[in-house]
Amino acid sequence: MTRARAPAKRSPAGRNIELGKIHMAATFLGLIQLGDDSAYRDMLWSVARVRSAKDLDNAGREKVLQYLRNSGWVDSKPFVRGQGPKPQVQLIRKLWAALGAAGHLDSPTEPALRAFVKKQSTPYHPQKIGYDAPELLPPRVAQRVIEHLKHWCRRTKTVLDQ
């Protein structure tokens, strides 16, 4: 006699990952502002009829995530140890090194690169504080930093090593 299987439940870790994605996406889209999350709670109510993400079931979490994706949030793939840096991060570092080798930087060090990235990414950060490192940049912001560095290279006639 065969028994019917119960539907597979997601692990608590999977639930926590999905809740984390919901909060990151809401922050990225500006639904969560410092001290004010009313827009976020209104979105949860209109999409899934809950006021808190902790009250979402599996289907509700997927529905909210899909809504956030449709609103412009891009769900990035998780970083896998050993995978190496993203191509955009590699290009940022390559452009920075070329500018440093050509003598166009006061300090071609890692802290100087981080300060540059933070300053360039501040207008695109949800709380306007900037991202602390190239590895933390969302793809669309990383592309803006790359374009700024390319423009700097063209302006100074800096040649990139191939």
Side-chain angles (χ1 to χ4, degrees), residues 13-44 46-48 53 56 60-162:
R15 176 184 181 270
N16 290 341
I17 289 170
E18 288 174 341
L19 290 175
K21 285 182 178 185
I22 289 170
H23 287 101
M24 286 188 316
T27 301
F28 174 80
L29 293 171
L31 297 174
I32 299 175
Q33 299 289 326
L34 194 59
D36 180 25
D37 63 354
S38 59
Y40 168 70
R41 300 217 180 268
D42 290 343
M43 178 275 301
L44 286 175
S46 67
V47 173
L56 291 167
R61 287 191 302 274
E62 186 54 43
K63 196 174 182 182
V64 169
L65 284 169
Q66 189 58 47
Y67 173 83
L68 294 167
R69 286 182 195 109
N70 292 342
S71 298
W73 175 68
V74 178
D75 187 5
S76 63
K77 293 180 179 152
F79 178 77
V80 178
R81 191 175 295 277
Q83 185 180 43
K86 298 176 195 173
Q88 287 181 316
V89 174
Q90 290 175 329
L91 183 54
I92 288 171
R93 292 187 183 284
K94 184 176 180 179
L95 291 165
W96 186 258
L99 286 164
H104 299 297
L105 300 175
D106 292 335
S107 175
T109 62
E110 180 68 19
L113 171 60
R114 289 175 176 261
F116 173 80
V117 166
K118 188 170 184 88
K119 183 176 180 182
Q120 292 300 313
S121 64
T122 296
Y124 311 108
H125 190 277
Q127 281 94 28
K128 306 294 185 212
I129 59 174
Y131 295 92
D132 292 324
E135 294 81 12
L136 301 176
L137 293 171
R140 67 180 186 84
V141 179
Q143 193 57 44
R144 291 187 181 254
V145 172
I146 288 168
E147 291 305 318
H148 184 86
L149 287 167
K150 283 180 174 179
H151 180 71
W152 192 355
C153 287
R154 281 191 301 270
R155 190 176 68 238
T156 59
K157 296 180 175 56
T158 302
V159 180
L160 296 177
D161 296 330
Q162 299 298 328

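Everything quoted here is computed from the prediction, not taken from an experiment. Position 1 is the first residue of the sequence; numbering continues from there.
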Legend entry - Minimum heavy-atom distance between Ala39 and Leu31, given as atom pair plus value: CB-O, 3.7 Å
Inset, instruction - Grab the two heavy atoms, one from Ala48 and one from Leu56, that are nearest each other, plus how far apart they are. - result: CB-CD2, 3.4 Å
Inset, instruction - Taking all heavy atoms of Ala53 and all of Leu19, pick out the closest pair and write down the distance. - result: O-CD2, 3.3 Å
Legend entry - Pairwise side-chain contact, Val141 with Gln120, heavy-atom cut-off 4.5 Å (strictly under): no
Inset, instruction - Measure across Gln127 and His125 and return the closest heavy-atom pair with its distance rounded to 0.1 Å. - result: N-ND1, 3.0 Å
Legend entry - Approximate separation, where rounding is to 0.5 Å, of Leu44 CG and Lys63 NZ: 12.0 Å
Inset, instruction - Return the orientation label for the Tyr40 and His23 ring planes: parallel under 30°, perpendicular over 60°, tilted otherwise. - result: tilted
Legend entry - Set of salt bridge (charged side-chain N to carboxylate O under 4.0 Å, His left out) partners for Lys119, sequence neighbours left out: none
Legend entry - Nearest-0.5 Å distance, OG1 of residue Thr27 to CD1 of residue Ile22: 11.5 Å
Legend entry - Side-chain heavy-atom pair Glu110, Leu113 within 4.5 angstrom cut-off: yes
Legend entry - Short side-chain to backbone donor-acceptor contact, Ser121 and Tyr131, under 3.5 Å: yes
Inset, instruction - Check for a donor-acceptor pair, side chain of Gln88 on one end and backbone N or O of Pro139 on the other, with a separation under 3.5 Å. - result: yes
Legend entry - Considering all heavy atoms, the nearest Lys21-Leu65 contact: CB-CD2, 3.8 Å
Legend entry - Side chain to side chain, His148 and His151, heavy atoms closer than 4.5 Å: no
Legend entry - Within 6.0 angstrom of Asp106 CG, more than 12 heavy atoms from elsewhere: no
Legend entry - SB check Glu147 Lys150 (cutoff 4.0 Å): yes
Legend entry - Working for side-chain contact (heavy atoms from CB on, under 4.5 Å), residues Phe116 and Val145: CA-CA 9 Å; Phe116 173 80; Val145 172; 4.1 Å; yes
Legend entry - Atom pair CH2/CD of Trp73 and Gln66 - distance to nearest 0.5 Å: 10.5 Å
Legend entry - Neighbour count above 12 (heavy atom, 6.0 Å) for Phe28 CZ: yes
Inset, instruction - Taking the side chain as every heavy atom from C-beta outward, state whether Leu105 and Trp96 have any pair of such atoms under 4.5 Å apart. - result: yes
Inset, instruction - Specify the closest pair of heavy atoms between Leu29 and Gly72, including all atoms of both residues, with the distance to one decimal. - result: CD2-C, 4.2 Å
Inset, instruction - May I ask you to test the Leu68-Met43 pair for a side-chain heavy-atom distance under 4.5 Å? - result: yes
Legend entry - Side-chain donor/acceptor of Lys128 to backbone N/O of Thr122, under 3.5 Å: no
